[in-house]
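In this chain, residues are counted from 1 in sequence order.
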Amino acid sequence: MLPNFSPREAGAAWKAGWESKVQAPFARFRQTFEGSDIALPGGAPILLSPRKLRLAEPGLDPCLGRIGQLEVRLATTKAEIRRAQRLRFRVFYEEMSAVPTGLAALKRRDVDAYDAVCDHLLVIDHAATEAQPFRKARPKVVGTYRLLRQDRAEAHFGFYSAGEYDLGPLIERHPEKRFLELGRSCVLKPYRTKRTVELLWHGIWAYVLHHRIDAMLGCASLEGTDPDRLAVPLSFLHHHARAPEAWRARALSERYVAMDRLAREAVDPKAALASLPPLMKGYLRVGATFGDGAVIDRQFGTTDVFVVLPVAAIAARYIGHFGAGADRHAA
(Lines give C-alpha, C1' and ligand atoms only; values in the text may rest on other atoms or scores of the structure.)
Protein backbone atom coordinates (compact mmCIF):
# COMPACT_ATOMS: atom_id res chain seq x y z
CA MET A 1 0.00 0.00 0.00
CA LEU A 2 1.45 3.39 -0.98
CA PRO A 3 1.80 6.04 1.75
CA ASN A 4 -0.71 8.86 1.42
CA PHE A 5 1.66 11.88 1.25
CA SER A 6 0.46 15.40 0.65
CA PRO A 7 2.47 17.31 -1.98
CA ARG A 8 4.26 19.22 0.78
CA GLU A 9 5.10 16.01 2.68
CA ALA A 10 6.28 14.32 -0.51
CA GLY A 11 8.58 17.24 -1.27
CA ALA A 12 10.01 17.16 2.24
CA ALA A 13 10.63 13.41 2.00
CA TRP A 14 12.38 13.76 -1.38
CA LYS A 15 14.58 16.57 -0.03
CA ALA A 16 15.54 14.53 3.03
CA GLY A 17 16.45 11.55 0.86
CA TRP A 18 18.53 13.72 -1.47
CA GLU A 19 20.45 15.26 1.40
CA SER A 20 21.18 11.94 3.11
CA LYS A 21 21.78 9.70 0.07
CA VAL A 22 23.48 12.09 -2.37
CA GLN A 23 24.76 15.28 -0.82
CA ALA A 24 26.13 13.80 2.42
CA PRO A 25 28.33 11.10 0.78
CA PHE A 26 29.61 13.62 -1.75
CA ALA A 27 30.41 16.09 1.02
CA ARG A 28 32.36 13.40 2.91
CA PHE A 29 34.27 12.57 -0.28
CA ARG A 30 35.17 16.24 -0.82
CA GLN A 31 36.20 16.63 2.83
CA THR A 32 38.54 13.67 2.51
CA PHE A 33 40.37 15.09 -0.50
CA GLU A 34 39.87 18.84 -0.04
CA GLY A 35 43.07 20.73 -0.80
CA SER A 36 44.78 17.77 -2.43
CA ASP A 37 45.09 16.28 -5.91
CA ILE A 38 45.13 12.70 -7.10
CA ALA A 39 47.68 11.74 -9.73
CA LEU A 40 47.27 8.60 -11.80
CA PRO A 41 50.52 6.72 -12.52
CA GLY A 42 52.29 8.51 -15.35
CA GLY A 43 49.55 11.09 -15.67
CA ALA A 44 48.85 14.69 -14.75
CA PRO A 45 47.13 15.44 -11.43
CA ILE A 46 43.33 15.32 -11.32
CA LEU A 47 41.91 18.30 -9.48
CA LEU A 48 39.31 17.36 -6.88
CA SER A 49 39.06 20.69 -5.13
CA PRO A 50 38.15 23.92 -6.89
CA ARG A 51 41.25 25.85 -7.85
CA LYS A 52 41.12 29.42 -9.07
CA LEU A 53 41.98 29.61 -12.72
CA ARG A 54 44.94 31.71 -13.79
CA LEU A 55 43.69 34.75 -15.65
CA ALA A 56 45.61 37.59 -17.25
CA GLU A 57 47.71 39.50 -14.73
CA PRO A 58 47.52 43.26 -14.15
CA GLY A 59 49.96 45.42 -16.04
CA LEU A 60 49.63 43.61 -19.36
CA ASP A 61 46.91 44.65 -21.80
CA PRO A 62 44.97 41.46 -22.68
CA CYS A 63 44.85 42.55 -26.33
CA LEU A 64 48.38 41.85 -27.57
CA GLY A 65 47.99 42.55 -31.26
CA ARG A 66 45.80 42.51 -34.34
CA ILE A 67 46.07 41.97 -38.10
CA GLY A 68 42.88 42.92 -39.90
CA GLN A 69 40.03 40.93 -38.36
CA LEU A 70 42.36 38.60 -36.43
CA GLU A 71 43.19 39.52 -32.84
CA VAL A 72 45.63 37.84 -30.46
CA ARG A 73 44.78 38.22 -26.77
CA LEU A 74 45.06 36.63 -23.37
CA ALA A 75 42.02 34.88 -21.92
CA THR A 76 40.61 36.94 -19.07
CA THR A 77 37.59 34.85 -18.06
CA LYS A 78 36.87 31.22 -17.33
CA ALA A 79 34.47 31.22 -20.27
CA GLU A 80 37.31 32.20 -22.63
CA ILE A 81 39.46 29.39 -21.26
CA ARG A 82 36.62 26.94 -21.86
CA ARG A 83 36.46 28.18 -25.46
CA ALA A 84 40.17 27.43 -25.85
CA GLN A 85 39.57 23.95 -24.41
CA ARG A 86 36.73 23.35 -26.89
CA LEU A 87 39.00 24.41 -29.75
CA ARG A 88 41.68 22.01 -28.53
CA PHE A 89 39.12 19.19 -28.39
CA ARG A 90 37.97 19.95 -31.92
CA VAL A 91 41.52 19.88 -33.33
CA PHE A 92 43.14 17.16 -31.21
CA TYR A 93 40.23 14.73 -30.88
CA GLU A 94 37.88 15.37 -33.80
CA GLU A 95 40.32 16.31 -36.55
CA MET A 96 43.38 14.42 -35.39
CA SER A 97 43.58 11.03 -33.70
CA ALA A 98 43.73 11.78 -29.96
CA VAL A 99 41.76 9.40 -27.75
CA PRO A 100 39.56 11.29 -25.26
CA THR A 101 39.06 10.25 -21.68
CA GLY A 102 35.47 9.75 -20.57
CA LEU A 103 35.33 13.22 -19.03
CA ALA A 104 36.78 14.91 -22.10
CA ALA A 105 34.33 13.08 -24.36
CA LEU A 106 31.43 14.10 -22.12
CA LYS A 107 32.40 17.77 -21.89
CA ARG A 108 33.83 17.94 -25.42
CA ARG A 109 36.70 19.96 -24.01
CA ASP A 110 40.40 19.13 -23.70
CA VAL A 111 41.07 19.78 -20.01
CA ASP A 112 43.86 18.96 -17.58
CA ALA A 113 45.20 20.26 -14.28
CA TYR A 114 47.70 22.60 -15.96
CA ASP A 115 44.91 24.76 -17.37
CA ALA A 116 44.34 26.20 -13.90
CA VAL A 117 47.91 27.52 -13.50
CA CYS A 118 48.68 28.66 -17.07
CA ASP A 119 47.89 31.74 -19.10
CA HIS A 120 45.99 31.10 -22.33
CA LEU A 121 46.70 32.90 -25.58
CA LEU A 122 43.79 33.14 -28.05
CA VAL A 123 43.51 34.11 -31.70
CA ILE A 124 40.02 35.47 -32.43
CA ASP A 125 38.50 36.07 -35.85
CA HIS A 126 36.14 39.04 -35.53
CA ALA A 127 34.77 38.40 -39.02
CA ALA A 128 33.48 34.94 -38.06
CA THR A 129 31.04 34.09 -35.30
CA GLU A 130 30.10 30.99 -33.36
CA ALA A 131 26.72 30.60 -31.71
CA GLN A 132 25.45 28.35 -28.93
CA PRO A 133 21.83 27.83 -27.85
CA PHE A 134 20.50 30.67 -25.69
CA ARG A 135 23.73 32.67 -26.09
CA LYS A 136 24.63 35.68 -28.17
CA ALA A 137 26.89 34.93 -31.13
CA ARG A 138 30.56 35.68 -30.38
CA PRO A 139 33.69 36.14 -32.50
CA LYS A 140 35.26 32.78 -33.26
CA VAL A 141 38.33 31.45 -31.40
CA VAL A 142 40.54 29.97 -34.12
CA GLY A 143 43.88 29.44 -32.38
CA THR A 144 45.33 29.00 -28.92
CA TYR A 145 48.56 28.52 -26.97
CA ARG A 146 49.07 27.64 -23.32
CA LEU A 147 51.81 29.58 -21.50
CA LEU A 148 53.45 28.31 -18.29
CA ARG A 149 56.12 30.41 -16.58
CA GLN A 150 58.85 28.73 -14.57
CA ASP A 151 57.79 30.24 -11.25
CA ARG A 152 54.25 28.93 -11.72
CA ALA A 153 55.53 25.51 -12.79
CA GLU A 154 57.79 25.18 -9.75
CA ALA A 155 54.95 26.21 -7.43
CA HIS A 156 52.64 23.50 -8.79
CA PHE A 157 53.26 20.45 -11.00
CA GLY A 158 56.50 21.31 -12.80
CA PHE A 159 56.64 21.75 -16.56
CA TYR A 160 54.26 19.62 -18.62
CA SER A 161 57.07 18.58 -20.99
CA ALA A 162 58.99 17.05 -18.06
CA GLY A 163 56.71 14.04 -18.55
CA GLU A 164 58.59 13.36 -21.80
CA TYR A 165 62.01 15.04 -21.46
CA ASP A 166 64.62 15.33 -18.73
CA LEU A 167 64.61 19.07 -18.14
CA GLY A 168 66.69 19.04 -14.94
CA PRO A 169 70.14 19.30 -16.57
CA LEU A 170 68.97 22.04 -18.96
CA ILE A 171 67.56 24.22 -16.18
CA GLU A 172 70.56 23.55 -13.91
CA ARG A 173 72.91 24.77 -16.66
CA HIS A 174 71.05 28.10 -16.72
CA PRO A 175 70.10 28.85 -13.11
CA GLU A 176 69.80 32.59 -13.76
CA LYS A 177 67.43 32.22 -16.73
CA ARG A 178 63.64 32.54 -16.66
CA PHE A 179 61.98 29.82 -18.72
CA LEU A 180 58.55 29.85 -20.35
CA GLU A 181 56.86 26.67 -21.56
CA LEU A 182 54.73 26.86 -24.70
CA GLY A 183 52.18 24.08 -25.06
CA ARG A 184 48.77 22.85 -26.22
CA SER A 185 49.09 24.89 -29.40
CA CYS A 186 46.50 24.41 -32.10
CA VAL A 187 44.91 26.36 -34.95
CA LEU A 188 41.77 25.56 -36.93
CA LYS A 189 42.67 24.11 -40.31
CA PRO A 190 41.50 27.04 -42.50
CA TYR A 191 43.67 29.40 -40.40
CA ARG A 192 46.92 27.42 -40.56
CA THR A 193 48.73 30.11 -42.47
CA LYS A 194 51.87 32.16 -42.04
CA ARG A 195 49.71 35.12 -41.06
CA THR A 196 48.13 33.32 -38.09
CA VAL A 197 51.45 31.90 -36.95
CA GLU A 198 53.01 35.36 -37.07
CA LEU A 199 50.16 36.78 -35.02
CA LEU A 200 50.62 34.05 -32.40
CA TRP A 201 54.32 34.84 -32.26
CA HIS A 202 53.57 38.52 -31.88
CA GLY A 203 51.41 37.71 -28.83
CA ILE A 204 54.06 35.42 -27.37
CA TRP A 205 56.73 38.07 -27.87
CA ALA A 206 54.67 40.72 -26.04
CA TYR A 207 54.20 38.24 -23.17
CA VAL A 208 57.93 37.39 -23.13
CA LEU A 209 58.90 41.05 -22.89
CA HIS A 210 56.40 41.77 -20.12
CA HIS A 211 57.56 38.86 -17.96
CA ARG A 212 61.28 39.23 -18.84
CA ILE A 213 61.56 35.67 -20.14
CA ASP A 214 65.03 34.46 -21.15
CA ALA A 215 64.19 31.20 -22.94
CA MET A 216 61.17 29.32 -24.26
CA LEU A 217 60.78 25.55 -24.29
CA GLY A 218 58.13 22.93 -24.94
CA CYS A 219 57.11 20.02 -27.13
CA ALA A 220 56.03 20.25 -30.75
CA SER A 221 54.14 17.44 -32.45
CA LEU A 222 54.23 15.60 -35.74
CA GLU A 223 51.00 13.79 -36.52
CA GLY A 224 51.35 10.01 -36.37
CA THR A 225 52.97 7.46 -34.05
CA ASP A 226 55.19 5.54 -36.49
CA PRO A 227 58.65 7.17 -36.42
CA ASP A 228 59.70 5.37 -39.60
CA ARG A 229 56.89 7.10 -41.51
CA LEU A 230 58.21 10.37 -40.06
CA ALA A 231 61.83 9.57 -40.89
CA VAL A 232 62.31 12.59 -43.17
CA PRO A 233 61.19 15.37 -40.77
CA LEU A 234 62.74 13.68 -37.72
CA SER A 235 66.08 13.17 -39.47
CA PHE A 236 66.03 16.74 -40.79
CA LEU A 237 65.51 18.15 -37.28
CA HIS A 238 68.28 15.91 -35.91
CA HIS A 239 70.86 16.76 -38.58
CA HIS A 240 70.02 20.39 -39.36
CA ALA A 241 68.30 21.88 -36.30
CA ARG A 242 69.72 20.08 -33.26
CA ALA A 243 70.14 22.22 -30.16
CA PRO A 244 73.68 22.96 -28.97
CA GLU A 245 74.70 20.92 -25.95
CA ALA A 246 74.13 23.77 -23.51
CA TRP A 247 70.47 24.03 -24.56
CA ARG A 248 69.69 20.41 -25.35
CA ALA A 249 67.25 18.22 -23.44
CA ARG A 250 67.09 14.46 -23.88
CA ALA A 251 63.96 12.34 -24.03
CA LEU A 252 63.40 10.21 -20.94
CA SER A 253 65.23 6.92 -21.40
CA GLU A 254 62.08 4.80 -21.18
CA ARG A 255 60.40 6.90 -23.89
CA TYR A 256 63.41 7.71 -26.12
CA VAL A 257 62.97 7.26 -29.89
CA ALA A 258 65.99 7.95 -32.11
CA MET A 259 65.47 10.81 -34.56
CA ASP A 260 68.34 10.07 -36.97
CA ARG A 261 66.27 7.56 -38.98
CA LEU A 262 68.11 8.56 -42.17
CA ALA A 263 71.70 9.57 -42.85
CA ARG A 264 72.33 13.27 -43.27
CA GLU A 265 73.10 12.97 -46.99
CA ALA A 266 69.80 11.09 -47.57
CA VAL A 267 67.70 14.03 -46.38
CA ASP A 268 66.55 16.68 -48.86
CA PRO A 269 66.31 19.78 -46.60
CA LYS A 270 63.83 21.56 -48.88
CA ALA A 271 61.44 18.60 -49.04
CA ALA A 272 61.84 17.95 -45.31
CA LEU A 273 61.05 21.55 -44.44
CA ALA A 274 57.91 21.40 -46.59
CA SER A 275 56.73 18.34 -44.64
CA LEU A 276 56.75 20.16 -41.30
CA PRO A 277 53.56 21.66 -39.82
CA PRO A 278 53.30 25.49 -39.96
CA LEU A 279 53.91 25.98 -36.22
CA MET A 280 57.14 23.97 -36.40
CA LYS A 281 58.28 25.97 -39.42
CA GLY A 282 57.59 29.09 -37.39
CA TYR A 283 59.84 27.81 -34.61
CA LEU A 284 62.65 27.23 -37.08
CA ARG A 285 62.26 30.68 -38.66
CA VAL A 286 62.77 32.53 -35.40
CA GLY A 287 65.80 30.44 -34.41
CA ALA A 288 64.52 27.49 -32.34
CA THR A 289 66.47 24.25 -32.13
CA PHE A 290 65.43 20.73 -31.14
CA GLY A 291 66.29 18.18 -28.47
CA ASP A 292 67.76 14.70 -28.43
CA GLY A 293 65.22 12.00 -29.19
CA ALA A 294 61.51 11.97 -29.98
CA VAL A 295 58.66 10.65 -27.84
CA ILE A 296 55.54 8.78 -28.96
CA ASP A 297 52.34 10.16 -27.42
CA ARG A 298 49.76 7.47 -28.11
CA GLN A 299 46.88 9.27 -26.43
CA PHE A 300 47.24 12.23 -28.81
CA GLY A 301 48.39 10.16 -31.79
CA THR A 302 51.57 12.21 -32.24
CA THR A 303 55.34 11.99 -32.22
CA ASP A 304 56.72 14.78 -30.05
CA VAL A 305 60.03 16.62 -30.28
CA PHE A 306 61.55 19.03 -27.78
CA VAL A 307 61.90 22.69 -28.82
CA VAL A 308 64.07 25.31 -27.13
CA LEU A 309 64.48 28.97 -28.04
CA PRO A 310 66.73 31.31 -26.02
CA VAL A 311 65.55 34.89 -26.49
CA ALA A 312 69.14 35.91 -27.25
CA ALA A 313 69.10 33.54 -30.26
CA ILE A 314 66.18 35.29 -31.97
CA ALA A 315 67.42 37.14 -35.03
CA ALA A 316 67.19 40.94 -34.87
CA ARG A 317 64.94 41.07 -37.96
CA TYR A 318 62.33 38.97 -36.16
CA ILE A 319 62.50 41.06 -33.01
CA GLY A 320 61.69 44.07 -35.19
CA HIS A 321 59.01 42.08 -37.02
CA PHE A 322 57.17 40.96 -33.87
CA GLY A 323 58.08 43.81 -31.57
CA ALA A 324 56.04 46.74 -30.31
CA GLY A 325 56.92 48.83 -33.34
CA ALA A 326 55.40 46.32 -35.76
CA ASP A 327 52.05 47.14 -37.34
CA ARG A 328 50.14 44.50 -35.41
CA HIS A 329 48.39 46.44 -32.66
CA ALA A 330 44.68 47.02 -32.53
CA ALA A 331 43.70 50.55 -33.44
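- Every residue meeting the side-chain contact (heavy atoms from CB on, under 4.5 Å) condition with Ser221, not counting sequence neighbours, appears here in chain and number order: Thr302, Asp304.
- Note: Cys63 SG to Leu122 CG = 11.5 Å, rounded to the nearest 0.5 Å.
- Considering every non-hydrogen atom in both Ala288 and Phe290, the closest pair reads O-CE1, 4.2 Å.
- Once rounded to the nearest 0.5 Å, the distance linking CG of Leu147 with CZ of Arg152 reads 13.0 Å.
- Looking at residues two or more places apart in sequence or on another chain, you find a side-chain contact (heavy atoms from CB on, under 4.5 Å) between Thr101 and Leu103, Ala104, Gln299.
- A pairwise comparison of heavy atoms in Leu167 and Leu217 identifies CD1-CD1, 4.5 Å as the closest pair.
- For residues 163-181, no pair satisfies salt bridge (Lys or Arg N to Asp or Glu O under 4.0 Å), with sequence neighbours left out.
- Both tests pass for Arg146 against the ring of Tyr160: distance under 6.0 Å to the centre and angle within 45° of the axis.
- Closest non-hydrogen pair, Leu148 versus Phe159, comes out as O-CE2, 3.6 Å.
- A 4.5 Å side-chain heavy-atom check between Thr129 and Arg138 finds every atom pair outside the cut-off.
- Atom SG of Cys186 is separated from atom CZ of Arg90 by 10.5 Å, given to the nearest 0.5 angstrom.
- Side chain of Gln85 to main chain of Arg109: no donor-acceptor pair is present (N/O by atom type, distance under 3.5 Å, no hydrogens or angles).
- Under a hydrophobic-cluster definition in which Ile, Leu, Val, Met, Phe, Trp and Tyr are linked whenever side-chain heavy atoms come within less than 4.5 Å, directly or via other members, Val111 and Tyr114 are assigned to different clusters.
- Applying the side-chain contact (heavy atoms from CB on, under 4.5 Å) rule to Ala127 yields the partners Gln69, Asp125; only residues at least two apart in sequence or on another chain are considered.
- Side-chain contact between Asp151 and Phe179: absent, with no pair of heavy atoms (C-beta onward) separated by less than 4.5 Å.
- Side-chain contact between Ile204 and Leu182 is present, with at least one heavy-atom pair separated by less than 4.5 Å.
- Val257 and Val295 are assigned to two separate hydrophobic clusters, defined by single-linkage of ILVMFWY side chains at heavy-atom distances under 4.5 Å.
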Please lay out, stage by stage, how Val141 and Val123 fare under the test side-chain contact (heavy atoms from CB on, under 4.5 Å).
CA-CA 6 Å; Val141 174; Val123 174; over 6 Å; no

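- In this structure, Asp110 and Tyr93 have side chains that are in contact, with non-hydrogen atoms separated by less than 4.5 Å.
- Between Glu71 and His126, the side chains place a donor N or O and an acceptor N or O closer than 3.5 Å (distance only, hydrogens not considered).
- Considering only heavy atoms from C-beta on, His239 stays 4.5 Å or farther from Leu262 through its side chain.
- Note on Leu273 and Leu230: same hydrophobic cluster, where clusters join Ile, Leu, Val, Met, Phe, Trp and Tyr whose side-chain heavy atoms are under 4.5 Å apart, directly or indirectly.
- With rounding to the nearest 0.5 angstrom, the CG atom of Leu70 is 10.0 Å from the CD1 atom of Ile124.
- Asp119 pairs with exactly one of Arg149, Arg73, Arg184 by the salt bridge (Lys or Arg N to Asp or Glu O under 4.0 Å) rule, that one being Arg149.
- Proximity of Leu279 to Leu200: side-chain heavy atoms (C-beta onward) are separated by under 4.5 Å at one or more points.
- Within the structure, side-chain hydrogen bond (donor to acceptor under 3.5 Å, both in side chains) pairs that include any residue of residues 274-286 comprise Tyr145-Tyr283 (at least two apart or interchain).
- Under a 3.5 Å cut-off, the side chain of His174 and the backbone N or O of Ala246 do form a donor-acceptor pair.
- Of all non-hydrogen atoms in Leu252 and Gly163, the two that sit nearest each other are CD1-O, 3.4 Å.
- Using a 4.5 Å cut-off on side-chain heavy atoms (C-beta onward), Met280 and Val305 make contact.
- For the pair Val286/Trp205, no side-chain contact is recorded, criterion being any heavy-atom separation below 4.5 Å from C-beta on.
- Proximity of a side-chain donor or acceptor of Thr144 to a complementary backbone N or O of Leu121 within less than 3.5 Å is detected.
- Within the structure, every pair that satisfies the salt bridge (Lys or Arg N to Asp or Glu O under 4.0 Å) test and touches residues 223-249, not counting sequence neighbours, is listed here: Asp226-Arg229, Asp228-Arg261, Arg242-Asp292, Glu245-Arg248.
- Closest approach of Leu199 to Gly65, counting heavy atoms only: CD1-C, 4.1 Å.
- Hydrophobic clustering (side-chain heavy atoms under 4.5 Å, transitive across Ile, Leu, Val, Met, Phe, Trp, Tyr) keeps Val308 apart from Tyr256.
- By the 6.0 Å and 45° rule, Arg250 does not stack over the aromatic ring of Tyr165.
- Under a 3.5 Å cut-off, the side chain of Arg255 and the backbone N or O of Ile296 do form a donor-acceptor pair.
- Salt-bridge annotation for Asp115 and Arg88: present, with a side-chain N of the basic residue lying under 4.0 Å from a carboxylate O of the acidic one.
- Pro100 and Phe89 make their closest contact through CB-CE1, 4.1 Å (heavy atoms, listed as atom of the first residue, atom of the second, distance).
- In this structure, the side chain of Thr303 engages the main chain of Gly224 through a donor-acceptor pair within 3.5 Å.
- Ring pair Phe92/Phe300: centre-to-centre distance below 6.0 Å.
- In this structure, CG on Leu180 lies 7.0 Å from CE on Met216, to the nearest 0.5 angstrom.
- Interatomic distance, Leu188 CG to Thr196 OG1, rounded to the nearest 0.5 Å: 9.5 Å.
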